[in-house]
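Down below is the structure, laid out as structure tokens.
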There are 2 protein chains.
Amino acid sequence: MLYSKSAEYAIQAMIYLSENKSEKPIMISKIAASYDIPYQFLAKIVQTLVKQRLVKATRGRNGGINLGRPSHEIYVNEIVHAIDGPPPEREQCVIGLDLCSDETPCPLHDKWKPIRYKIAEMLAGEHLDDLAERVTAKREKMKK
Amino acid sequence: MLYSKSAEYAIQAMIYLSENKSEKPIMISKIAASYDIPYQFLAKIVQTLVKQRLVKATRGRNGGINLGRPSHEIYVNEIVHAIDGPPPEREQCVIGLDLCSDETPCPLHDKWKPIRYKIAEMLAGEHLDDLAERVTAKREKMKK
DNA sequence: ATTATATAGGATTATAAGGTCTTGTAATAT
DNA sequence: ATATTACAAGACCTTATAATCCTATATAAT
């Protein structure tokens, strides 16, 4: 809906890294198993994250991946853009009408614009530390 | 984003019908040309709209299509559901976490829920008459 | 009746996203 | 040194959406 399946997996993987902070690298296969993501596919996604410096990879025995930066400095929209590419320059019209803009708005324009803004705000306002914390809290709650 | 390309074309076509109200049927090819939609593709989409009774088709010479009901009684979400199928029973989590619900919310849950509601509200609140009127107004504005 | 014209609909192709397979390469424990 | 382990990366397969092709069928004008 808001991003591709790949980006979704990337977010999940990075939440995992954030939850399991450790000096030692964490294996991609472990993350894949934990979130039930196809291993090979996640490995590919991680390659992109590495190139974008969102995660650091350590090769070889005892290798794995770590966050590229502290978890409170990584925001969800960064992950999405790293995987799905940057957002379009000119936001496109909801009903695909050419020449739709603030000056000549399409019929849904005025209702859609604030919603689109809210979405961007949501993704830009959440950092990994936040997410991981709440996932952990959720796990606790579910044990009961 | 909110619906498939097919649904987008369907909305455009029905706006056209709403703008050009007439007793006589309007040709699919004319609509396709007007909105730059691949003709054969639109024809196929229209077949579905006909089955769902959102438009009425008249075959043969001088044939074409008309709205199935008055334009002020047709809402955008009906068109979307007719083409893309009905919305899922259980709304799915934004970051794809299983077991995400109001009771055990995922990290983005509280921010996403009201946005999702706004979107549904937007699509359910706009009827064709409204849209067509504004498209017409827009055309006028652009002439200047 | 015949012909032109428009939708109906099955079969097929194109493209992109999602997912798998296989081999290469770096690091380290032995 | 060498075997093992884990990421890197290219080629390939699968599925869904988007788009096209071709023929059938209905209808109205001639």
Side-chain angles (χ1 to χ4, degrees), chain A residues 1-14 16-17 22-68 80 82-85 96, chain B residues 1-14 16-17 22-68 80 82-85 88 92 96:
Chain A
M1 178 76 177
L2 304 180
Y3 31 74
S4 69
K5 197 80 187 168
S6 298
E8 186 181 302
Y9 288 155
I11 295 171
Q12 294 177 352
M14 294 194 73
Y16 187 100
L17 290 177
S22 92
E23 290 305 307
K24 299 188 193 306
I26 293 172
M27 284 194 289
I28 295 175
S29 58
K30 203 165 182 180
I31 302 173
S34 172
Y35 275 99
D36 202 36
I37 303 170
Y39 166 66
Q40 303 270 20
F41 193 42
L42 180 57
K44 186 137 297 183
I45 292 164
V46 166
Q47 283 178 32
T48 306
L49 294 176
V50 170
K51 276 177 196 152
Q52 304 282 335
R53 309 289 163 93
L54 285 174
V55 315
K56 276 193 284 254
T58 312
R59 287 178 157 201
R61 184 178 278 208
N62 296 335
I65 56 176
N66 286 105
L67 289 178
V80 173
I83 300 298
D84 291 343
Chain B
M1 178 78 177
L2 303 179
Y3 31 73
S4 68
K5 197 82 188 167
S6 297
E8 187 181 301
Y9 288 154
I11 295 170
Q12 294 178 351
M14 295 194 72
Y16 187 101
L17 290 177
S22 93
E23 290 306 306
K24 299 188 192 306
I26 292 171
M27 284 194 288
I28 294 175
S29 58
K30 203 164 183 181
I31 302 174
S34 172
Y35 274 98
D36 201 37
I37 303 170
Y39 165 67
Q40 302 271 16
F41 193 43
L42 180 58
K44 189 134 296 187
I45 292 164
V46 166
Q47 283 178 32
T48 306
L49 293 176
V50 170
K51 277 179 194 151
Q52 305 282 335
R53 310 287 162 92
L54 285 174
V55 315
K56 277 193 283 255
T58 312
R59 286 180 158 199
R61 183 179 277 210
N62 296 338
I65 57 175
N66 285 105
L67 288 178
V80 173
I83 300 298
D84 291 343
Q92 47 205 10

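The chains referred to below are lettered A, B, ... by the order of the sequence lines, with proteins before strands, and numbering in each begins at 1.
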_Please evaluate residues B:Ile26 and B:Tyr16 with respect to the criterion side chain to side chain contact (heavy atoms under 4.5 Å, CB included), reporting the C-alpha separation (whole Å), side-chain torsions for both, the decisive distance (0.1 Å), and the verdict._
CA-CA 9 Å; B:Ile26 292 171; B:Tyr16 187 101; 3.9 Å; yes
Whole-Å distance between [N] [atom2] and [X] [atom1]?
X: B:Gln47; N: D:dA18; atom1: CD; atom2: P; answer: 16 Å
X: A:Met27; N: D:dA6; atom1: CE; atom2: P; answer: 5 Å
X: B:Ile83; N: D:dT17; atom1: CD1; atom2: C1'; answer: 13 Å
X: B:Ile45; N: D:dT20; atom1: CD1; atom2: C1'; answer: 13 Å
X: A:Lys24; N: D:dT5; atom1: NZ; atom2: C1'; answer: 16 Å
X: A:Leu42; N: D:dA6; atom1: CG; atom2: C1'; answer: 13 Å
X: A:Lys30; N: D:dC7; atom1: NZ; atom2: P; answer: 12 Å

_As a quick check of understanding, evaluate side chain to side chain contact (heavy atoms under 4.5 Å, CB included) for A:Met27 and A:Ile65, giving each step before the final call._
CA-CA 6 Å; A:Met27 284 194 289; A:Ile65 56 176; over 6 Å; no
*Under 4.0 Å between any heavy atoms, over every strand shown, what does B:Ser29 touch: base, sugar-phosphate, or nothing? Just pick one.*
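B:Ser29: no heavy atom of the nucleic acid under 4.0 Å.
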*Contact class for B:Ala57 (heavy atom, under 4.0 Å): base, sugar-phosphate, or nothing?*
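If one applies the 4.0 Å heavy-atom cut-off, B:Ala57 turns out to touch the sugar-phosphate alone, with no base involved.
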Between [atom1] on residue [X] and [atom2] on residue [Y], distance to nearest 0.5 Å:
X: B:Ile37; Y: B:Ser29; atom1: CD1; atom2: OG; result: 12.0 Å
X: B:Ile31; Y: B:Leu17; atom1: CD1; atom2: CG; result: 4.5 Å
X: A:Ile45; Y: A:Ser6; atom1: CD1; atom2: OG; result: 4.0 Å
X: A:Gln47; Y: A:Leu42; atom1: CD; atom2: CG; result: 10.5 Å
X: B:Gln52; Y: B:Leu49; atom1: CD; atom2: CG; result: 8.0 Å

_I need a per-nucleotide contact map over nucleotides 10-16 of chain D, read 5' to 3'. Cutoff is protein heavy atoms under 4.0 Å; write B for the base, S for backbone only, - otherwise._
BB-----
*Pairing residues for A:Ser4 by the side-chain hydrogen bond (donor to acceptor under 3.5 Å, both in side chains) criterion, not counting sequence neighbours*: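 With sequence neighbours excluded, A:Ser4 shows a side-chain hydrogen bond (donor to acceptor under 3.5 Å, both in side chains) to A:Asp84, given in chain and number order.
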For nucleotides 28-30 of chain D, print each protein N/O atom paired with a nucleotide N/O atom at under 3.5 Å, atom names and distance only.
unit_1: D:dA29; atom_1: O4'; unit_2: B:Arg61; atom_2: NH1; d: 3.3

*asked:* Could you work out, with salt bridge (Lys or Arg N to Asp or Glu O under 4.0 Å) as the rule, every residue matching A:Lys5, not counting sequence neighbours?
replied: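 Applying salt bridge (Lys or Arg N to Asp or Glu O under 4.0 Å) to A:Lys5 gives A:Glu8.
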*Distance test, side-chain N/O of B:Tyr9 to OP1/OP2 of D:dA18, below 4.0 Å*: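 Result: no.
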*Counting only side-chain N and O atoms of B:Ser6, is one of them less than 4.0 Å from OP1 or OP2 of D:dA18?*
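Yes, within the criterion.
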*Summary of ring pair (Phe, Tyr, Trp, His ring centres under 6.0 Å) pairs that have at least one residue in residues 39-68 of chain B, sequence neighbours excluded*: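 Qualifying pairs: B:Tyr9-B:Phe41.
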*Would you grab the first and last nucleotide of DNA chain C (5' to 3') that comes under 4.0 Å of any non-hydrogen atom in chain B?*
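The protein-touched segment is C:dA4 to C:dA11.
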*Atom of A:Leu54, atom of A:Met14 and distance for their closest heavy-atom approach*: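 Taking every non-hydrogen atom into account, O-CE, 3.5 Å.
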